[in-house]
Amino acid sequence: MAARKPKAVKTFPCIHVKQEKHSFFLTRLDAKTVTQLSYAAVRGQSLEEGAVQRVLNTSRIVNIKRFVMNGGNFPNAFVLNWVNTDQPLEFTSTTINIPMVAQSAQIIDGQHRIAGIREAIEEDDKWGKLEVPVVIYAGLGTQECADIFLSINTEQKPVPRSLVFDLYGVASAEIVDPAAERARDIVIFLNEDEDSPYREQIKLPGAPTRRGGIALSTAVSAIKPLVEERGDFDRIGVKELNMQKQIIMNLFVALSEKYGAKWWERENAFMYAAGFTGAINFLQLKLFPYCNQRSSFSSKTISDSLTMPENRLIEQADLKSLGGSEATKRVYERLTEQFRPKVEAKQFEI
């Protein structure tokens, strides 16, 4: 069978990089070319060599599309594996000739970014001109693609979440997750307000390691579902930041009053991640419906709904040997056991 003739061959500048086991080309391509040339071979669905990708996550694609259309940056290279043997790549020491044949290169890394860019281009063709860095291997098998994929996604670990959330305070608005930024603002308020039960108890990036305290990432992740669009606060009509801050503050003020001086002791379970997250879950699932029905989220309303004598305080020892999610669940269950919602008397007409 005669080789297919490509519609066109385009020449791009490139750097030829040689490493221990393989060599690749590092070049820059316009986004439209990348989306046309590449495709994802999904492991478990495709039998072809080099299939290492997972099934696409729709919500991630939507977020990346939004990121593209807000002018987001893509400094990390997309990694492709050229598999079109009928139309191979040709290169010199400084250029690479790429046949413009659709689906000629498997995606090793970047399938969600490429899918998000593709959707942005479909909505506005101008995004097809976006230049992105691309690494191109040629003719790799499944094992080689797996090695590269795992190297990128396990050995080159992402930065800690606490650092990500902390940087939201200084990053450009178009690349910030609005819900995470709102949650971060609330957590910083808890850490800095003079009357807060968590004053200086939030562990920020760069802080010395210590026992106890709540990591910024833990606190932000716990609060984020409450402040998301159509989240719990949205559903009860509480959209202002200051009101959201105060409601969460009232929760912990009510709990701290039950503990008195013991609140600041290391034995207090709420001075650890499981306690903080369990309390937020309790607010979300129990107190939101109760307080909203009573039109009061005051610390007194919350405190009056909890029967927590000194001998029933939740201590870190109660969570001993439990994993993170199990410890959080135990705190939530203990709070629920001591939840005594007051029922308002109703008048009946005869």
Side-chain angles (χ1 to χ4, degrees), residues 4-15 24-43 45-46 48 50-84 86-91 95-138 140 145 148-149 152-153 158 164 168 171-180 229:
R4 292 176 296 169
K5 293 184 178 180
K7 295 179 181 179
V9 174
K10 291 186 178 180
T11 301
F12 300 90
C14 79
I15 299 173
F24 59 82
F25 304 100
L26 176 61
T27 186
R28 69 173 187 271
L29 302 177
D30 61 88
K32 189 170 185 177
T33 295
V34 174
T35 60
Q36 289 175 343
L37 293 178
S38 65
Y39 70 99
V42 178
R43 183 164 179 78
Q45 294 184 6
S46 174
E48 69 176 272
V52 296
Q53 287 299 324
R54 60 200 137 172
V55 176
L56 286 168
N57 182 318
T58 304
S59 63
R60 283 191 64 192
I61 295 172
V62 171
N63 289 335
I64 292 171
K65 173 188 173 184
R66 186 182 302 119
F67 177 75
V68 174
M69 301 187 77
N70 283 329
N73 297 309
F74 290 89
N76 290 342
F78 299 89
V79 183
L80 307 179
N81 176 32
W82 190 268
V83 293
N84 184 348
D86 290 336
Q87 307 292 346
L89 300 171
E90 297 179 352
F91 59 93
T95 62
I96 182 170
N97 298 324
I98 301 179
M100 295 293 104
V101 180
Q103 296 193 319
S104 289
Q106 294 172 337
I107 302 170
I108 298 178
D109 188 64
Q111 69 159 343
H112 283 94
R113 286 175 288 157
I114 290 174
I117 290 172
R118 182 180 290 115
E119 291 207 358
I121 294 172
E122 289 176 358
E123 185 161 325
D124 189 337
D125 192 56
K126 76 175 185 178
W127 299 113
K129 298 177 182 179
L130 176 70
E131 286 192 344
V132 293
V134 181
V135 163
I136 305 177
Y137 289 88
L140 299 182
C145 288
I148 295 168
F149 180 87
I152 294 170
N153 291 285
V164 172
Y168 279 164
S172 301
E174 63 267 15
I175 68 167
V176 170
D177 178 343
E229 186 177 358

Can Ile114 and Ile107 be said to form a side-chain contact (heavy atoms from CB on, under 4.5 Å), step by step?
CA-CA 9 Å; Ile114 290 174; Ile107 302 170; 3.7 Å; yes

Donor-acceptor pair, side chain of Thr27 and main chain of Pro13, under 3.5 angstrom
yes

Which heavy atom of Val83 sits nearest to which heavy atom of Tyr39, and what is that distance?
CG2-OH, 3.5 Å

Lys/Arg-Asp/Glu bridge criterion (N-O < 4.0 Å) met for Asp125, Lys129:
no

When rounded to the nearest 0.5 angstrom, what is the spacing between CD in Glu131 and OG1 in Thr33?
10.5 Å

Any side-chain heavy atom of Val9 within less than 4.5 Å of one from Met100?
no

Would you call His112 and Ile61 a side-chain contact if the rule is heavy atoms closer than 4.5 Å?
yes

Would you indicate whether the side-chain heavy atoms of Val135 and Phe25 approach each other to under 4.5 Å?
no

Taking all non-hydrogen atoms of both residues into account, name the closest pair between Met69 and Ala120 and its distance.
CG-CB, 3.9 Å

Please report the C-alpha distance between Tyr137 and Ile148 in whole Å, then the side-chain angles of each, then the deciding distance to 0.1 Å, and finally whether the side-chain contact (heavy atoms from CB on, under 4.5 Å) criterion is met.
CA-CA 10 Å; Tyr137 289 88; Ile148 295 168; 3.6 Å; yes

In terms of heavy-atom contacts, Cys145 and Leu140 come closest through SG-CB, 3.8 Å

Answer yes if the side chains of Asn63 and Arg60 hold a donor-acceptor pair under 3.5 Å, and no otherwise.
no

Nearest heavy-atom contact between Gln111 and Ala40 is OE1-CB, 3.3 Å

Please work out whether the ring planes of Phe67 and Phe74 are parallel, tilted or perpendicular, with thresholds of 30° and 60°.
perpendicular

Okay, side chain of Asn70, backbone of Gly72: is any donor-acceptor separation there less than 3.5 Å?
no

Would you check if the side chain of Asn73 reaches a backbone N or O of Pro75 as a donor-acceptor pair within less than 3.5 Å?
no

Of all heavy-atom pairs between Leu37 and Pro99, which one has the smallest distance, and what is that distance?
CD2-O, 3.5 Å

For Arg28 and Phe12, work out which heavy atoms get closest and say how close.
O-CD2, 3.7 Å

With rounding to the nearest 0.5 angstrom, report the OG to CH2 distance, Ser38 to Trp82.
10.5 Å

Tell me, do Phe78 and Ile117 make a side-chain contact under 4.5 Å, heavy atoms counted?
yes

Can you tell me how far the CD1 atom of Ile96 sits from the CG atom of Leu26, to the nearest 0.5 Å?
10.5 Å

With rounding to the nearest 0.5 Å, note down the distance linking NZ in Lys10 to CG in Leu29.
9.5 Å

Rounded to the nearest 0.5 Å, what separation is found between the CD1 atom of Ile136 and the CD1 atom of Ile98?
4.0 Å

Hey, what do you get for CZ (Arg113) to CG (Asn76), rounding to the nearest 0.5 Å?
6.0 Å

Val132 and Val134: CA distance, side-chain angles, deciding distance, side-chain contact (heavy atoms from CB on, under 4.5 Å) verdict
CA-CA 6 Å; Val132 293; Val134 181; 4.1 Å; yes

Show your working on side-chain contact (heavy atoms from CB on, under 4.5 Å) between Lys65 and Glu123 and close with a plain yes or no.
CA-CA 10 Å; Lys65 173 188 173 184; Glu123 185 161 325; 2.6 Å; yes

